[in-house]
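Below, chains carry the letters A, B, ... as their sequence lines are ordered, and counting in each starts from 1.
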2 protein chains.
Amino acid sequence: MESQDIKKAGLKVTLPRVKILEILERAENRHVTAEDVYKVLLDGGEEIGLATVYRVLTQFETAGLVTRHRFEGVHSVFELDEGRHHDHILCVRCGRVDEFVDKAVEERQQAIAEQAGYDMTDHCLYIYGICRNCRNGHA
Amino acid sequence: MESQDIKKAGLKVTLPRVKILEILERAENRHVTAEDVYKVLLDGGEEIGLATVYRVLTQFETAGLVTRHRFEGVHSVFELDEGRHHDHILCVRCGRVDEFVDKAVEERQQAIAEQAGYDMTDHCLYIYGICRNCRNGHA
DNA sequence: AATCCAGATGCAAAAGCTTCTCATTTCTAT
DNA sequence: ATAGAAATGAGAAGCTTTTGCATCTGGATT
Ligand SMILES: [Mn+2]
Ligand SMILES: [Mn+2]
Ligand SMILES: [Zn+2]
Ligand SMILES: [Zn+2]
């Protein structure tokens, strides 16, 4: 039950927050912009302001319910944080986003940070390329 | 001689472009914002507009003279492109930026892209953490 | 050295995403 | 049900980056 998560985050369980969380859970593509969320709300007849969408997404991010990405040349993109760290590979032509986890890369990152004298807190690896579809002209 | 590079890029060798390139070459920290560049110009008594700084940096980027980074929570940052690919590790506390190259990571990225069906065109790995100085309270 | 003009610049205005302000509304604990 | 704190909506504001346009300049040509 998702409203538990909202409550656990110390946030009141309000209609906008519940709706936005639902949208994130049901989104066909996991990675959505604030505007994407806002449009779904409008289409659903909800009267929720864009400012609220931004506010709620930011609060969810702070609460660890949501992760924000800043892919190159794209606006902030949000996805449900389900605790499974992963990185991203994006098609620069059609915007498709795929996820991956690579053990070797993860380990190397830790080693690199140590060697540079850093306590690693986070990292992000974005791979950009042309996806199979686009390569085959389906775009 | 740097004005050669400007010319090679098909750009007129103008005072703003020469000055900006000089600033990039002499910068104490390689990674500077447009505003940083602008301030140095002002301090040097140059009457060059911020719009020109942005325009020139973008042209340099297109020409391959400069690389632009979009580190998290920071504005666009530019650095001279000297042909040596590298990735970055940043201190989230003081903003320090270090560079590194890791052969293993580079190879894995290529493999990951292939496996996901992508022709990799680019990638960027940002590691965030706390640098040694900051960990020791020097901040 | 004087002329010419495409390309470059400066300034101000515009974009465009995101955040903030504040009056009003909605939760949720009594 | 009531009250107080928290949240919301609408629009204004913020900020970085880009653009439009009149003016200027580099540099190629006489
Ligand atoms: Mn993801
Ligand atoms: Mn660098
Ligand atoms: Zn594609
Ligand atoms: Zn530091």
When the distance from [atom1] of [X] to [atom2] of [N] is rounded to whole Å, what number comes out?
X: B:Tyr38; N: D:dT17; atom1: OH; atom2: P; answer: 14 Å
X: A:Arg17; N: C:dT28; atom1: CZ; atom2: C1'; answer: 13 Å
X: A:Leu42; N: D:dG9; atom1: CG; atom2: P; answer: 11 Å
X: B:Tyr54; N: C:dA8; atom1: OH; atom2: C1'; answer: 19 Å
X: B:Leu50; N: C:dA8; atom1: CG; atom2: P; answer: 19 Å
X: A:Lys7; N: D:dA7; atom1: NZ; atom2: C1'; answer: 16 Å
X: A:Lys19; N: C:dC27; atom1: NZ; atom2: P; answer: 12 Å
X: B:His75; N: C:dT18; atom1: NE2; atom2: P; answer: 13 Å

What nucleotide among [options] has an atom nearest to a side-chain atom of [X]?
X: A:Ala51; options: D:dG11, C:dG10, D:dT8; answer: D:dG11
X: B:Lys12; options: C:dA6, D:dG11, D:dA6; answer: C:dA6
X: A:Thr14; options: D:dT8, C:dT9, C:dT18; answer: D:dT8
X: B:Leu11; options: C:dA8, D:dT17, D:dT8; answer: C:dA8

Give a yes or no on this: more than 12 heavy atoms of other residues, nucleotides or ligands lie within 6.0 Å of atom CD of B:Glu82. yes

Audit row: B:Lys39, B:Glu35, salt bridge (Lys or Arg N to Asp or Glu O under 4.0 Å) steps and yes/no: CA-CA 6 Å; B:Lys39 275 183 197 139; B:Glu35 196 74 36; 5.1 Å; no

Looking at B:Arg84, is its backbone amide N or carbonyl O close enough to the side chain of B:His86 to form a donor-acceptor pair, meaning the two atoms are under 3.5 Å apart? yes

Has the side chain of A:Arg30 got a donor or acceptor atom that lies under 3.5 Å from a matching backbone atom of A:Val97? no

Go through the N and O atoms of the side chain of A:Arg55 and the base of D:dG9, and report whether any donor-acceptor pair is under 3.5 Å. yes

Comparing nearest nucleotides in DNA chain D, the 5'-proximal residue of the pair B:Leu15, B:Arg68 is B:Arg68

Quick check on DNA chain D: between A:Glu47 and B:Ala34, whose nearest nucleotide comes earlier from the 5' end? A:Glu47

Base, sugar-phosphate, or nothing: which does B:Thr33 touch, judged by heavy atoms less than 4.0 Å apart? nothing

Side-chain N,O (B:Ser76) to OP1/OP2 (D:dT17) below 4.0 Å: yes

Of all heavy-atom pairs between A:Ile127 and B:Gln109, which one has the smallest distance, and what is that distance? CD1-O, 3.9 Å

